[in-house]
Amino acid sequence: EDGSTVYHARVPRSPRIHATSDGARYHRVGKRCMPLYPDEEYRLLMNRGSLDITRQPMERIDVEDVGSGMAERIARMQAERHAALGVKAPRDLGDKREVLRVIGAITEDGTGGTALSVAGAILAVDGPKVIPLIPGRRILYVLMAGDTEYRERREWDGAVIDVVDEVMDVIVSNSKVSTLRIGAVQREIPEFPPDAVREVIVNAVAHRDYLTNAPVMVRQYPDRIEVTSPGEFVGGITPDNILHHVPTHRNPSLVRIMHRLGLVEEIGIGVDRVYESLLRSGKEPPVYDSRDGQVTCTIPNGSLDGALVRFIEEHGGRGEGMSLDELIVIHHVKKHQSVDRATASRIIQRPDTVAAS
């Protein structure tokens, strides 16, 4: 108003880490500028997508450490993935190295040769050789009797391709199933829908910080499952925008391989699937929280809303399939009797104009 000129500049985030004229490097911690130490520099580069440690060659572990049975399983998984996508499967793979090369688990070793990548070792190598080199590969499961006591504790440090199935078997064995009649059909609805739980666990493995030694933690309480993954959200993702934020990966190579095998969805619909699986089963949506250098996804085990499940199933049976946005809003209205535009925008994590339509 006083005639002054105001300049507004938007500076894109650099993929590099910059230094002062004397070579010192700093980063922002709260309101302070703190020295940037080597381990923090690696983590910062990973969070910016400039460094992918899962693409690096594995030391002291090579292709021969991948069992022949695992190689055959990987080949089957890839063939099933191609069939599901309706694309032509690769030709018959002659040997173990070729199987791993096709999925992207072979990388350059810096000397003109090739080696098994860190991602390949995480997914496919069994036995005790991996943990001293990648201690973060472990998954710890605890069946809680309450907030402070537990009844069962299990730990896995093997090939993730096998371990995820083993973790799911334990969770399912410790979960109850309800029966709901929808018309003439009896539908079994687990306490914790396996599709949702599995998606959360594989996402925790795919996106965790492998510079941290802490395991992925799976705690099963009577009223919830908590899956905690070391490492904060990256690339501007928060619990308030996780549904529709542009996919950002801390471990792109690992995610790509898991995508090629059908373990995760690289295009960013994994969280959508968790929401949809829970809501279609008459459950509460998941709750994401990021603090203290880790991300926790809580899968609630609330009372089964049979009326909501019947409503969703009936509309689906008439060819009126509901979008995820509609499922979220309907769940909110069922619980709170009404919804305004601002609330709808917040819970579906979309602009006000989208919520209004």
Side-chain angles (χ1 to χ4, degrees), residues 13 17 25-54 122 131 134-150 153-157 160 163 167 171 192 196-197 199-243 245 247-251 254-255 264 270-271 274-275 284-301 349:
R13 171 174 284 184
I17 295 177
R25 298 184 177 196
Y26 297 91
H27 67 140
R28 180 71 61 178
V29 179
K31 296 183 178 181
R32 296 184 298 169
C33 239
M34 303 294 291
L36 185 64
Y37 297 107
D39 59 331
E40 295 168 330
E41 181 177 338
Y42 279 124
R43 187 165 287 111
L44 186 58
L45 288 171
M46 288 167 58
N47 292 348
R48 292 185 178 184
S50 302
L51 174 66
D52 179 8
I53 66 169
T54 63
I122 290 171
I131 287 301
I134 315 175
R137 186 175 76 162
R138 293 177 300 132
I139 298 179
L140 179 61
Y141 168 86
V142 183
L143 177 63
M144 304 295 295
D147 288 334
T148 58
E149 298 180 356
Y150 69 89
R153 183 185 185 278
R154 300 279 299 274
E155 186 173 340
W156 294 267
D157 58 14
V160 164
V163 164
V167 176
I171 292 174
F192 303 103
V197 178
E199 194 74 40
V200 171
I201 292 173
V202 296
N203 282 340
V205 170
H207 301 299
R208 63 154 294 153
D209 180 354
Y210 281 96
L211 293 179
T212 299
N213 293 344
V216 168
M217 287 286 302
V218 181
R219 296 182 180 89
Q220 183 172 354
Y221 295 84
D223 64 342
R224 67 192 186 277
I225 288 179
E226 294 179 357
V227 179
T228 300
S229 176
E232 298 178 348
F233 284 124
V234 299
I237 296 174
T238 71
D240 297 325
N241 66 16
I242 192 171
L243 273 171
H245 194 281
T248 306
H249 306 308
R250 179 184 277 111
N251 308 304
L254 178 60
V255 172
V264 299
V271 175
V274 176
Y275 269 78
E284 294 289 317
V287 177
Y288 288 88
D289 180 57
S290 179
R291 66 180 69 185
D292 301 327
Q294 58 189 19
V295 172
T296 297
C297 176
T298 300
I299 303 173
N301 177 28
Q349 300 182 7

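Using modelled atom types, no side-chain atom of Arg250 and backbone atom of Val234 make a donor-acceptor pair closer than 3.5 Å. Under the 3.5 Å distance criterion, the side-chain polar atoms of Glu232 are left unmatched by any main-chain donor or acceptor of Ser290. A distance-only check finds no donor-acceptor pair linking the side chain of Arg291 to the backbone of Gln294 [under 3.5 Å]. Between the side chain of Asn203 and the backbone N or O of Val264, no donor-acceptor pair lies under 3.5 Å. One N or O on the side chain of Thr54 and one on the backbone of Leu254 form a donor-acceptor pair closer than 3.5 Å. Remark: side-chain polar atoms of Asn241 are paired, donor with acceptor, to backbone N or O of Gly236 under 3.5 angstrom.
The two residues Ala204 and Ser229 have their closest heavy-atom pair at O-OG, 3.1 Å. For Asp209 against Gly231, the heavy-atom pair with the smallest separation is CB-CA, 3.8 Å. Heavy atoms only, all atoms of each residue included: Pro286 and Cys297 are closest at CB-SG, 4.0 Å. In plain terms, the two heavy atoms of Ala214 and Pro230 that are nearest each other are O-CG, 3.4 Å. The two residues Val142 and Met144 make their nearest non-hydrogen contact at CG1-SD, 3.4 Å. The minimum heavy-atom distance between Gln220 and Ile225, with the atom names listed, is CG-CG1, 3.8 Å.
If you take OG1 on Thr296 and CE on Met217, they are separated by 9.5 Å, rounding to the nearest 0.5 Å. Ile299 contributes atom CD1, which lies 13.0 Å from atom CD of Glu284 (distance to the nearest 0.5 angstrom). In this structure, Arg208 CZ and Arg137 CZ are separated by 11.5 Å, a value rounded to the nearest 0.5 Å. In this structure, the separation between CG on Leu51 and CG on Leu211 is 8.0 Å, given to the nearest 0.5 Å. Rounded to the nearest 0.5 Å, atoms CG (Asp157) and CG (Leu140) are 11.5 Å apart. Interatomic distance, CG of Asn251 versus CG of Asp52, reported as 6.0 Å (0.5 Å rounding).
No side-chain heavy atom of Thr238 sits under 4.5 Å from any side-chain heavy atom of His245. Contact of the Tyr210 side chain with the Val205 side chain is registered, since non-hydrogen atoms from C-beta on lie closer than 4.5 Å.
Atom CD of Glu149 is surrounded by 12 or fewer heavy atoms from other residues, nucleotides or ligands within 6.0 Å.
Residues in residues 212-222 take part in no salt bridge (charged side-chain N to carboxylate O under 4.0 Å, His left out) pair, two or more places apart or across chains.
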- Applying side chain to side chain contact (heavy atoms under 4.5 Å, CB included), run through Ile122 and Ile134 and close with a yes or a no. CA-CA 8 Å; Ile122 290 171; Ile134 315 175; 3.9 Å; yes
- Would you please test Ile201 and Ile171 for side chain to side chain contact (heavy atoms under 4.5 Å, CB included) and show each step? CA-CA 11 Å; Ile201 292 173; Ile171 292 174; 3.8 Å; yes
- Message: As a quick check of understanding, evaluate side chain to side chain contact (heavy atoms under 4.5 Å, CB included) for Asn301 and Tyr221, giving each step before the final call.
- Response: CA-CA 9 Å; Asn301 177 28; Tyr221 295 84; over 6 Å; no
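Classified by interplanar angle (parallel below 30°, tilted 30° to 60°, perpendicular above 60°), the ring pair Tyr288/Phe233 is tilted.
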